[in-house]
Amino acid sequence: MKIGYPCLNRTLSCSSARTFRLRSYSEERLVSTVKNNLECLTNILKYNKDHTILFFRITSDLVPFASHPVNKVPWQRHFRDTFARIGRYIKKHDMRISMHPDQFTLLNSVDRSVLRRSLKELKYHAEILDLMQLDTTAKIQLHVGGVYGDKTASMKRFALRYLRLEPTIRRRLVIENDHRNYSIADCISLSRTTGIPVVFDVFHHRVYNNGEGINPSLNHVCKTWHKRDGLLMVDYSLQKRSGITGQHAESININNFRKFLQSTKSYDFDIMLEIKNKEQSALQAIRCARTDQRFVRGNGHV
DNA sequence: AGGTGTCAAGCGTCC
DNA sequence: GGACGCTTGACACCT
């Protein structure tokens, strides 16, 4: 079991997601921003290693406008060595990496131009992980997408397009249940017809489910991950206490987290903590998991 | 220096 | 069929 956090580190004073407005686009600006972002990513991974945080989600903003037509910079070639060096570091320290394209990436869109842009965006994400020369346990997680008034048809469209993806994308793509349209049962059903691994989002599942419990879901979901995919990934977050639905909490509730670990102890998985104070929650969670031998899973480390 | 409207990209809901 | 909420961090312009 590895525990991690997404994209940003609030302790370090750098950001690996620096960007700029399209209006101020220039090749120089792009190159200097990517250079900054890769340097910061290096710092974050070093921080993670020093604190034994072995799971991390790399921001989609690493290369601004990566899939935008305005961008003609061959950034892949330009930063090839840097990507390779970062990849070596990740592998050397046995870290797990994920990425999560944002809401505009929709594989099942009914709009062909949205699909076309989404494919470019997926290609970009795969390129990042390929340039780092990471194996296929490094995943790109995506929601199933829109419903477009016909869920069955929209799921079929996802399946068809997934199966036709170029292998460099398909081997990394996994789906995740969302809080409104596609439940964990829907994702499992899609996995049955396509073989795609399913990320289990505990928070979304609490908000939107078909009445199935966490453990029965985990039981199904962990079978969708094969050896080449690595350990099942779980997203863990909680509701902000103010009561506004969907917003992520500021910090982890360690008692609830302990209960979660305890109640799911027969399964092994890597946990991504989607909590605003990021690495602080990860540090707490790791400490919590370590204090109790019952939470130490199959591979002996948390 | 600090505050805030806006940002490449979409879906779903409400009217 | 148009406006808005969603969720989020950072830019860039404003005072």
Side-chain angles (χ1 to χ4, degrees), chain A residues 5-30 32-34 36-37 39-41 44 57-73 75 99-125 140-151 153-155 157-158 161 175-183 186 201 203-204 206-208 235 237-251 272-281:
Chain A
Y5 63 99
C7 305
L8 310 175
N9 181 301
R10 301 205 183 275
T11 307
L12 300 173
S13 53
C14 70
S15 166
S16 62
R18 292 287 295 269
T19 182
F20 48 88
R21 294 288 95 94
L22 185 55
R23 267 208 315 272
S24 36
Y25 182 90
S26 73
E27 297 204 346
E28 298 71 40
R29 185 81 188 262
L30 185 92
S32 70
T33 305
V34 175
N36 167 85
N37 289 351
E39 277 167 13
C40 182
L41 177 60
I44 294 174
R57 182 184 300 162
I58 293 176
T59 175
S60 297
D61 291 332
L62 197 65
V63 180
F65 307 105
S67 67
H68 193 283
V70 76
N71 184 356
K72 302 280 200 301
V73 175
W75 54 269
M99 295 189 82
H100 195 334
D102 62 12
Q103 67 197 104
F104 309 109
T105 307
L106 293 150
L107 192 56
N108 75 345
S109 178
V110 288
D111 182 335
R112 300 300 295 196
S113 65
V114 171
L115 171 64
R116 200 167 51 241
R117 286 195 292 273
S118 296
L119 290 173
K120 289 180 78 175
E121 189 69 2
L122 287 176
K123 187 179 161 97
Y124 152 65
H125 283 78
I140 301 165
Q141 60 189 91
L142 201 62
H143 293 295
V144 179
V147 174
Y148 310 99
D150 186 342
K151 195 160 171 177
S154 295
M155 286 172 72
R157 208 162 45 246
F158 183 99
R161 289 176 183 171
I175 47 171
E176 175 187 5
N177 57 306
D178 65 74
H179 66 285
R180 198 165 58 189
N181 298 324
Y182 294 96
S183 68
D186 296 326
D201 188 309
F203 180 40
H204 287 160
R206 287 213 179 96
V207 177
Y208 179 60
D235 280 4
S237 60
L238 57 164
Q239 175 69 46
K240 189 175 174 178
R241 281 164 71 87
S242 71
I244 302 157
T245 49
Q247 287 188 329
H248 289 168
E250 187 58 41
S251 56
M272 180 60 62
L273 299 172
E274 295 183 321
I275 298 169
K276 287 201 178 187
N277 69 352
K278 307 284 177 179
E279 75 281 1
Q280 292 309 323
S281 284

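All heavy atoms count here, side chains included; hydrogens, waters and symmetry mates do not. Throughout, protein chains are lettered first and strands after them, A, B, ... in sequence-line order, and every chain is numbered starting at 1.
Residue R29(A) is in sugar-phosphate contact alone, with no base atom involved, counting any heavy-atom pair closer than 4.0 Å across all strands shown. Using a 4.0 Å heavy-atom distance criterion, Y148(A) is classed as a sugar-phosphate-only contact. Within the nucleic acid shown, S109(A) comes within 4.0 Å of sugar-phosphate atoms alone, with no base atom in reach, counting heavy atoms only. Among the heavy atoms of the strands lying under 4.0 Å from V147(A) are primed sugar atoms or P, OP1, OP2 only; no base atom is included.
Side-chain atoms of V144(A) and D186(A), non-hydrogen and from C-beta on, never get closer than 4.5 Å to each other. P101(A) places a side-chain heavy atom less than 4.5 Å from the side chain of I140(A). Looking at I275(A) and Y5(A), their side chains never come closer than 4.5 Å, going by heavy atoms from C-beta outward.
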Atom pairs, protein N/O to nucleotides 3-5 of chain B N/O, distance under 3.5 Å:
none

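The shortest distance between the side-chain N/O atoms of S24(A) and the OP1/OP2 oxygens of dA12(C) is below 4.0 Å.
For DNA chain B, the stems formed by at least three consecutive Watson-Crick or G-U pairs, with both atom-pair distances below 3.5 Å, span B:1-7 with C:9-15, B:10-15 with C:1-6.
Of the candidates K120(A), R117(A), E121(A), S67(A) forms a side-chain hydrogen bond (donor to acceptor under 3.5 Å, both in side chains) with just one, namely E121(A). Between H100(A) and the options R57(A), E176(A), E274(A), a side-chain hydrogen bond (donor to acceptor under 3.5 Å, both in side chains) holds for only E176(A).
Each of dG9(C), dA8(B), dC11(B) was ranked by its minimum atom distance to the side chain of R180(A); first place goes to dC11(B). Side chain of E121(A), nearest nucleotide from dG9(C), dA9(B), dG10(B): dA9(B). Here the side chain of T19(A) is nearest to one of dG9(C), dC11(C), dA8(B), namely dC11(C). Set against dG12(B), dG10(B), dG9(C), the side chain of N181(A) has dG12(B) as its closest nucleotide. With dG10(B), dG12(B), dA10(C) as the candidates, the nucleotide lying closest to the side chain of L8(A) is dA10(C).
Looking at residues two or more places apart in sequence or on another chain, you find a side chain to side chain contact (heavy atoms under 4.5 Å, CB included) between T11(A) and N9(A), Y47(A), E279(A), Q280(A). Residues satisfying the side chain to side chain contact (heavy atoms under 4.5 Å, CB included) test with V147(A), not counting sequence neighbours, are K151(A), N181(A), Y182(A). Shown here are the side chain to side chain contact (heavy atoms under 4.5 Å, CB included) partners of T33(A), two or more places apart in sequence or in another chain: R18(A), F20(A), R29(A), N37(A), P64(A).
Take the nearest nucleotide of DNA chain C for K278(A) and for L22(A): the residue whose nucleotide is more 5' is K278(A).
Rounded to a whole angstrom, the distance from the P atom of dT7(C) to that of dT13(B) is 14 Å.
dT6(B) atom P lies 11 Å from atom CZ of R23(A), rounded to whole Å.
A heavy atom closer than 4.0 Å to some atom of DNA chain B occurs in D102(A), Q103(A), F104(A), L106(A), these being the qualifying members of residues 99-108 of chain A.
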